Amino acid sequence: MHRLGIVGCGITGAVTAMLLKQSMPYLNIVILEKSKGTGGRMCTSRSSFGNTVDLGAQFITKSSNLTSTQEK
């Protein structure tokens, strides 16, 4: 059995693992994540007052030309 390690379980790591597993079901995938949970920079912060705020993922675009959008 082949093994593959993916560092980080943000959007890219999770989607990469999913696509690899779909195309190569025999592959044993291990995801290494430093945080308590998955999501990378995306997370939900909860205040002591019971409010929640979604954080991270500041830059999501539908454009395929990332260079021009990041120069602004």
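Note that this is a predicted model, so its numbers are computed, not measured.
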For residues 15-32, which side-chain N or O atoms pair as donor and acceptor with protein atoms under 3.5 Å away, sequence neighbours left out?
from: T16; atom 1: OG1; to: T12; atom 2: O; distance (Å): 2.7
from: K21; atom 1: NZ; to: P25; atom 2: O; distance (Å): 3.2
from: K21; atom 1: NZ; to: L27; atom 2: O; distance (Å): 2.5
from: S23; atom 1: OG; to: L19; atom 2: O; distance (Å): 3.2
from: S23; atom 1: OG; to: L20; atom 2: O; distance (Å): 3.3

Partner residues of S48 under the side-chain contact (heavy atoms from CB on, under 4.5 Å) criterion, sequence neighbours left out: none

S45: side-chain contact (heavy atoms from CB on, under 4.5 Å) partners, not counting sequence neighbours: L55

Donor-acceptor pair, side chain of E33 and main chain of G8, under 3.5 angstrom: no

